[in-house]
Amino acid sequence: MTSRKARPEPQGTPKRASRKAQAGAVLSFADNARLRNLVGEHDRHLARIEQKLSVHIARRGNELSVTGDADGVGQARLVLETLYARADGDLTQADVDSEIRFGEDGGGKMQPGTVRTPRRIVRARTRAQAAYLAALEKHELTLGLGPAGTGKTYLAVAMAASFFSRGIVERIVLSRPAVEAGEKLGFLPGDLREKVDPYLQPLYDALHDMMPGADVQRMLDQGDVEIAPLAFMRGRTLSNAFVILDEAQNATSVQMRMFLTRLGENSRMVITGDPTQSDLPGHVPSGLNEAAIILSGMDDVGIITFGEADVVRHHLVTRIVRAYAAHDEARKQRRDSGA
């Protein structure tokens, strides 16, 4: 393996104060395939770590030498070791950034949450995601609130697949307010599943990420995975099931109360949504917002709130979320001031 030549400090990298103690660390990695995934094409992952943590990383054979101030070297070492453990496949820039963010937020004291599914191991990328996974594992009812791209639905489906594969539950139930708040599905062609499939596609996509396609199809055919619009939950009791209600900001207060009371023995229920993105008419309050207030502080109910810093999609998505939040706040201030 060729040696990695020293590069000059990336432009724009903040200089650490000279009074900080300088440090160094040498890390050895035995698996060359994992090491290739760790460093990335043309060592781009190493360059990213250097830029974000203001350290210098030199590569020689299967060793990485990290130099910089003591704090930066310690964070870089943790990031490199954690990414190496994950490098059984290709790593993305988002993977690298998430591990760096964990270190900067004090995550080095706590390993990111993980959940094992039949197809992959899913790892939290932010502290809020780690808290969310812990809540999903611990609580019978969990609410995940926050903007798109924060992993609310994806992680819920991962935990559902894990619970099913471990035999903790006997089925997975996926639900969503379909089409519009009134759920007027009658005009759509096909049977019930064909009517609601387009609106539950994100849940299908996540499920196929967690389980082999043939297993997903078999579970659908056998009823181990059930797809149902929210309106069709009335009158049922869901026992021995992992139940997910997605896009819950579009559920009315009446619908939310109905859904919450469907929880049966040996079941887990997860409700996800973005309180700022309700499609309900302006005069109709969101059942998700109301539930978050009413259930706050209740035993065995986990409520996790995600923010813009937890968006793990393309970096531009974070900036879009931030821009819209600023726009909404400015509009609210103008409205409150009567301007």
Side-chain angles (χ1 to χ4, degrees), residues 113-115 117 122 124 126-147 150-177 200 202-203 206-207 210 224-275 277-278 285-307 310:
T114 61
V115 55
T117 73
V122 178
T126 69
R127 295 188 70 182
Q129 286 192 352
Y132 185 54
L133 284 177
L136 293 174
E137 184 73 47
K138 176 182 178 182
H139 296 299
E140 294 181 2
L141 172 62
T142 301
L143 277 65
L145 314 175
T150 51
K152 305 181 302 295
T153 302
Y154 191 81
L155 293 177
V157 174
M159 192 62 75
S162 175
F163 268 53
F164 183 85
S165 65
R166 286 185 280 164
I168 300 174
V169 298
E170 298 176 355
R171 57 183 171 148
I172 298 171
V173 180
L174 307 175
S175 185
R176 201 175 190 183
L200 292 165
L203 299 174
L207 197 58
M210 308 306 166
D224 294 331
V225 173
E226 181 182 351
I227 310 297
L230 177 57
F232 285 73
M233 290 292 180
R234 189 174 300 278
R236 302 184 57 189
T237 300
L238 301 171
S239 302
N240 299 305
F242 199 107
V243 189
I244 300 173
L245 175 61
D246 192 33
E247 297 290 342
Q249 73 273 6
N250 291 329
T252 66
S253 296
V254 173
Q255 289 173 325
M256 182 60 69
R257 180 182 294 192
M258 176 273 293
F259 182 77
L260 288 168
T261 56
R262 301 307 94 196
L263 185 64
E265 291 295 322
N266 191 42
S267 286
R268 294 295 175 99
M269 182 175 284
V270 185
I271 299 172
T272 69
D274 181 354
Q277 295 295 316
S278 175
S286 169
L288 176 63
N289 297 348
E290 185 180 75
I293 296 171
I294 293 173
L295 302 178
S296 178
M298 186 177 295
D299 290 343
D300 211 22
V301 176
I303 302 178
I304 305 297
T305 301
F306 297 86
D310 300 302

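What's counted below: heavy atoms across the whole structure, side chains too, no hydrogens, waters or symmetry copies.
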Minimal non-hydrogen separation, His139 against Val301, with atom names: ND1-N, 3.8 Å

Under 3.5 Å: donor-acceptor pair, side chain of Asp224, backbone of Phe164: no

Nearest non-hydrogen partners of Met256 and Ala291, listed with the distance: CG-CB, 3.9 Å

CA sep, side-chain torsions, deciding dist, call: Met269, Phe242, side-chain contact (heavy atoms from CB on, under 4.5 Å): CA-CA 6 Å; Met269 182 175 284; Phe242 199 107; over 6 Å; no

Arg166 and Ser162 side chains, donor-acceptor separation under 3.5 Å: yes

Polar side-chain atom of Thr261 near backbone of Met258 as donor-acceptor pair, under 3.5 Å: yes

Donor-acceptor contact below 3.5 Å, side chain Ser267 vs main chain Leu238: yes

Gln129 CD to Tyr154 OH distance, which is reported to the nearest 0.5 Å: 10.5 Å

Closest contact, heavy atoms only, Leu288 versus Asp274: CD2-N, 4.2 Å

Check: Thr153 and Glu247 side chains under 4.5 Å, non-hydrogen atoms: no

Any donor-acceptor pair under 3.5 Å from Ser286 side chain to Ser278 backbone: no

Residues Ser253, Glu290; criterion side chain to side chain donor-acceptor pair (under 3.5 Å); working and verdict: CA-CA 7 Å; Ser253 296; Glu290 185 180 75; 3.1 Å; yes

Contact summary for Thr237 and Gly264, nearest pair of heavy atoms: CG2-CA, 3.9 Å

Main-chain N/O of Thr252 paired with Gln255 side-chain donor or acceptor, under 3.5 Å: yes

Nearest-0.5 Å distance that lies between atom CD1 in Ile168 and atom CD in Glu170: 12.0 Å

CG on Leu145 to CD1 on Ile271, rounded to 0.5 Å: 9.5 Å

Under 3.5 Å donor-acceptor, Arg176 side chain and Asp246 backbone: no

Stepwise side-chain contact (heavy atoms from CB on, under 4.5 Å) check, Phe259 with Val243: CA-CA 10 Å; Phe259 182 77; Val243 189; 3.6 Å; yes

Exercise: identify the closest heavy-atom pair between Ser175 and Leu203: O-CD1, 4.3 Å

Under 3.5 Å: donor-acceptor pair, side chain of Lys152, backbone of Pro147: yes

Sole candidate of Thr150, Ile304, Leu133 that passes side chain to side chain contact (heavy atoms under 4.5 Å, CB included) when paired with Leu155: Leu133

Spacing of Leu174 atom CG and Ile244 atom CD1 [to the nearest 0.5 Å]: 5.5 Å

From Leu136, Thr142, Thr117, residue fulfilling side chain to side chain contact (heavy atoms under 4.5 Å, CB included) relative to Met159: Leu136

Closest contact, heavy atoms only, Ala158 versus Val122: CB-CG2, 4.1 Å

With Tyr132, the side chain to side chain contact (heavy atoms under 4.5 Å, CB included) member among Val270, Asp310, Leu143, Thr126: Val270

Arg268/Glu140 salt bridge by N-O under 4.0 Å criterion: no

